[in-house]
Structure formats: structure tokens, C-alpha cells
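The structure appears right after this line, and notes come after that.
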Amino acid sequence: SMDLAKHDEL
Amino acid sequence: MNIFRILGDVSHLLAIIILLVKIHRSKSCAGISGKSQILFALVFTTRYLDLFTTFISLYNTVMKVIFLICAYITVYMIYVKFRKTFDSENDSFRLEFLLVPVTGLSFLENHSFTPLEILWTFSIYLESVAILPQLFMISKTGEAETITTHYLFFLGLYRALYIANWVWRYHTEKFYDQIAVVSGVVQTIFYCDFFYLYVTKVLKGKKLSLP
């Protein structure tokens, strides 16, 4: 699962 | 943050800097695909819109800003400053063949149907194919300057390290982003043929030239 608003990779 | 991710980001940055230094020192962008560089500028622009909405970390913000600035300087060097040295004749890949399917796919297959998410997805899909005009140019001219091959090597290494990063994250955090992973694997596959030539030719001191 993932936080949609938070793409923490570049 | 794991070692693969850090090394991946460092090799991505190194690739971008190698290209800038090559153009700056030789005062020439011969052999460089301006189209690929425009696509990378577009990739960073559409992906990093979250600079205005989400704060992740100082590292994240600084790297995004550096990537954006470098991408636009590169495009400026090719199309303005050293325009006369730009080999537009051989940079003949048709961008619509990439942009149309990538745009369509980002509307069809995304995490959520919101403008920012669609643009983020567009950037992920576009990055996976953005190097194709450059690879097309090399196959058309049949050769590449050694420094250009170093640029491509570090760009490909960045992709390969990101895959290791995702395997690591899946095992330690149970985190995976299917869109990023599938696109990233596709992107890395495009570099395999080049990696083979890099190891068998460039690392043995020969120029990269195709038969």
C-alpha cells in the first residue's frame, strides 16, 4: 500500500 | 532511505553533471539528442509539481530543485548557447510516437484520477522511454563519444540501483509502487544492449561504434 499524495522517490 | 536509493540518486546526478561538463568543456553538444533532454526536462517538471504541495525532506526538495535546474540548463545549452553544434539532422526521432501513448496510458492507468497524480504518472511513463531518441541517434550515426557513453552508463546504473532499492523496500517496509516498478523495469531493459557495448568496448578503451 502507499500514500498517494506522497511520492518520496526522485 | 537505503544504500541503493542513495547510490541511485548519486549516479543519476553524476550522469546529468557529466553531460553538462561535456557540453561546457567541448563547447559542443554534438552527438547529444536535444529531444531526449527536452523529455527529461518535461519529466522533472511534471513529476516535481509536488514541491508546491508536499514536503518530504530537505534532501528530497534540494535534489528535485537541482535536477530541474540542470535539466533546463542542458536544454538551454543545446538549443540556445551551442545551437550551431547541435546535430538536429540525426535527432530525428518522432516525439509524438512517445508522447501520445504515454499521455493516453497515464489517463488510463494511475493511482488516482486527479491532475497531480495523472501528471506524476505521465512523468513516470515518459521517463521510461525518454532515452529512446538518444539511443536512436546513436544507432543512426553508428557511434558515440566516450564521454556520452559514460553519461548513458550512469543513467542506466541509476535505473538498475532503483530496482535494487525497490526490492529492498518491499522486503523491509512492504512498500511497492506498481506503476514506478513496472516502468522502471521497462526503462532498465532499454539500457541492456548499451551496457553490453559499454562493457565489451568502452571499458576496454575502444570507442563505441556500431557495425
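Just so it is clear: chains get the letters A, B, ... in the order the sequence lines come, proteins before strands, and each one is counted from 1.
Neither the backbone nor the side chain of B/Phe44 comes within contact range of chain A, judged by heavy atoms closer than 4.5 Å. Both the backbone and the side chain of B/Asn60 come within less than 4.5 Å of a heavy atom in chain A. Within the 4.5 angstrom heavy-atom criterion, no atom of B/Tyr170 approaches chain A.
Side-chain contact check for A/Leu10 versus B/Tyr162: some heavy-atom pair is nearer than 4.5 Å. Between A/Glu9 and B/Asn165 there is a side-chain heavy-atom pair separated by less than 4.5 Å.
Taking every heavy atom of both residues into account, B/Lys64 and A/His7 meet most closely at NZ-O, 4.3 Å.
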Checking A/Asp8 against B/Arg169 for the salt bridge (charged side-chain N to carboxylate O under 4.0 Å, His left out) test, could you report, in this order, the C-alpha distance in whole Å, the side-chain angles of both residues, the deciding distance, and whether it holds? CA-CA 12 Å; A/Asp8 66 344; B/Arg169 290 190 75 173; 3.1 Å; yes

